[in-house]
Amino acid sequence: MTFNETNGTIKFPDYDMNESFTKFRWKELAPVLVVYSLTFFLGLIGNVVIIASTLCPRLRPLPATPTNVFLGGLATADLLLIIFCIPVKIAKLFSYTWTMGIFLCKSVHYMQSVSAICSVVTLTAMSIERYYAIVHPMRAQYTCTISQARKIVIITWAASFLLGIPMVFTQRHKEVGQRVIAYWCVRDPDAAFLWKAHEVYMLVLVLVLPLTVMAFCYTAICWEIWKVMKRRYHMTSRHALNPNNIDAECIPMTPRQNSMRNGRRVRRENGQTEEESRTMKQVVKMLVAVVVLFAICWGPILIDNVLTAYRILPRQRKGIYKHMNTAFHLMAYFNRWT
C-alpha cells in the first residue's frame, strides 16, 4: 500500500481477490481443525450417551441419583455448545469476514455464553451436592434428592439464559472494507466501557465465584474425609491392640491360638486401614484435580478477554498472540472432555 502526499490518496496494490479467499495457511489451520473436529465428534457421541444414560428413563442404565441428574444437565449444556458453536468456529477458519448475518453473529455467541455459564453453574451445584452428601449426610437425605436436583437443573438453565443476555449487546455486526464491503462479528470497539464491563462480568461469573465455591466445598470434603479416616484408624488400632476384647461366649483358646488369632486380626485390620487410607488419598487427589483443571481450562481465555478489553493485549492478534488466543479457546473446550 502506498500513500501519495500530493493529493492525500491511498493506492492499494493490485491482487487477485478470489485467490486471496482460496489460499490458506494449513500449518496454522490443520492443528486447530483437527482439535475442533475431534471435539465435535467425541463430544457429540459422549454427551448423547451421557444424556441417554442419565435422563432418559427407558434407556437409563445408570441409577437415578442427584449426581447423575446434574451430569445429564452438564452434558446437555456441553452438547448445546458443540452443536451451535464448533461448526461456526470451523467455518470462520476459512473466511476473513463474517458471512452468516447479524442474527447468527449475536445468537451463536449468546448460546456460547449460555452454555459456558450453564456448565460452570452445574459444576458448582455438583460440588455443593457432594459437600452436603459427605459433610452433612443427615441433612442431605432431604435436601439432596432427585426432585431437588431436577429443580436446580431447570433453574440453572433459566438463569443461564438470563445471565447470558449481556453478550447480545456486546457483540457487534460491524461493517468493514473500502474496495469491497464486508462484515466482522466482533466485540463492539465503540462501546469500550460495555466491553470492559462484560469481560470482567464473565470473569467473575464463570471463574472467580465458581472457583471460590468449589474450592471451599472440596476443601471441606477433604477435611471431613481426613477426620473420618483418622477416627477410624484410632478405633481399629485400639481394638487391634486389646487382646482381652473377646466375646464371653467364645470357646477358650490356648495362649498360642489366642496369639495367632490376634496376629491375623491385626494384619487384617491394618490392611483394611491401609486400603482405606489409599482410597482417601485418591479421593482427595481427584477433588483437587477437578478444581485445578477447571482453573487451568477456563482461566486463560477469561483473563485474556479482560486484558484484551483493557488494551493490555493487542486487539488485532498476530504472531504469538494469535497462537495464544487459539490455544486458550481450545483449552476451554478441553474442559468438556475432563
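We're numbering straight along the sequence, starting at 1.
Counting only distance, with no hydrogens or angles, the side chain of Tyr183 and the backbone of Met100 share no donor-acceptor pair below 3.5 Å. Checking side-chain atoms of Lys174 against main-chain N and O of Asp188 turns up no donor-acceptor pair under 3.5 Å. Lys196 places no side-chain N or O within 3.5 Å of a backbone atom of Ala309 that could act as its donor or acceptor partner. Here the side chain of Asp304 pairs no donor or acceptor atom with the backbone of Pro300 at under 3.5 angstrom. For Ser127 (side chain) and Thr124 (main-chain N/O), a donor-acceptor pair under 3.5 Å exists by modelled atom type. Under a 3.5 Å cut-off, the side chain of Ser115 and the backbone N or O of Met111 do not form any donor-acceptor pair.
Proximity of Leu79 to Val48: side-chain heavy atoms (C-beta onward) are separated by under 4.5 Å at one or more points. When side chains are defined from C-beta on, Lys106 does not count as touching Tyr110, because their heavy atoms never get closer than 4.5 Å. In this structure, Pro210 and Phe294 have side chains that are in contact, with non-hydrogen atoms separated by less than 4.5 Å. Phe40 places none of its side-chain heavy atoms less than 4.5 Å from the side chain of Ile90. Using a 4.5 Å heavy-atom cutoff, the side chains of Leu74 and Ser119 are in contact. Contact annotation: the side chain of Ile225 approaches that of Ile221 to within less than 4.5 Å [non-hydrogen atoms, C-beta and beyond]. For the pair His136 and Gln141, the minimum side-chain heavy-atom distance is 4.5 Å or more.
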Would you please test Val88 and Leu104 for side-chain contact (heavy atoms from CB on, under 4.5 Å) and show each step?
CA-CA 9 Å; Val88 175; Leu104 283 180; 5.9 Å; no
- [ ] Evaluate side-chain contact (heavy atoms from CB on, under 4.5 Å) for Gln171 paired with Gln112, printing each intermediate quantity in order.
- [x] CA-CA 12 Å; Gln171 202 70 16; Gln112 181 177 354; over 6 Å; no
**Prompt:** Stepwise, does the side-chain contact (heavy atoms from CB on, under 4.5 Å) test hold for Arg172 with Trp184?
**Reply:** CA-CA 8 Å; Arg172 181 184 174 189; Trp184 286 351; over 6 Å; no
Would you sort out whether Ile303 and Phe328 count as a side-chain contact (heavy atoms from CB on, under 4.5 Å), showing the intermediate values?
CA-CA 10 Å; Ile303 295 174; Phe328 293 161; over 6 Å; no
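How far NE2 of His198 is from OG1 of Thr170: 4.5 Å, rounded to the nearest 0.5 Å. Atom SG of Cys144 sits about 7.5 Å away from atom CD1 of Ile152, to the nearest 0.5 Å. Atoms OG1 and CD1, on Thr39 and Ile82 in that order, are 7.5 Å from each other to the nearest 0.5 Å. Annotation: the span from Thr156 atom OG1 to Phe161 atom CZ amounts to 12.0 Å, rounded to 0.5 Å. Here OG of Ser160 is found 11.5 Å from CD1 of Ile155. Values are rounded to the nearest 0.5 Å. The distance from the CG atom of Asn68 to the CE atom of Met126 is 8.5 Å, given to the nearest 0.5 Å.
Using a 30° and 60° split on the angle between ring planes, Tyr131 and Phe216 fall in the tilted class, from 30° to 60°.
Considering every non-hydrogen atom in both Gly299 and Leu207, the closest pair reads CA-CD2, 3.8 Å. What you find for Asn305 and Glu199 is that their closest heavy atoms are CB-OE1, 3.1 Å. Ala116 and Trp298 get closest at one heavy-atom pair: CB-CH2, 3.6 Å. Of all the heavy atoms in Phe70 and Val153, the pair that sits closest is CD2-CG2, 3.9 Å. When all heavy atoms are compared, the tightest approach of Asn47 to Gly43 is ND2-O, 2.7 Å. Closest approach of Thr76 and Gly72 over heavy atoms only: OG1-O, 2.8 Å.
Thr308 pairs by the side chain to side chain donor-acceptor pair (under 3.5 Å) definition with Arg317, not counting sequence neighbours. Applying the side chain to side chain donor-acceptor pair (under 3.5 Å) rule to Thr67 yields the partners Glu129; only residues at least two apart in sequence or on another chain are considered.
Met167 and Leu80 fall into different hydrophobic clusters, where Ile, Leu, Val, Met, Phe, Trp and Tyr residues are linked whenever their side-chain heavy atoms come under 4.5 Å apart, directly or through other members. No single ILVMFWY cluster, assembled from side-chain heavy atoms under 4.5 Å apart, contains both Ile45 and Ile83. At a threshold of 4.5 Å between side-chain heavy atoms, the hydrophobic network of Ile, Leu, Val, Met, Phe, Trp and Tyr places Ile117 and Val200 in one connected group. Grouping the Ile, Leu, Val, Met, Phe, Trp and Tyr side chains by contacts below 4.5 angstrom, directly or via other members, places Tyr310 with Leu307. In the hydrophobic clustering of ILVMFWY residues, with side-chain heavy atoms under 4.5 Å counting as a link, Leu123 and Met202 come out together.
More than 12 heavy atoms of other shown residues, nucleotides or ligands fall within 6.0 angstrom of atom OH in Tyr201.
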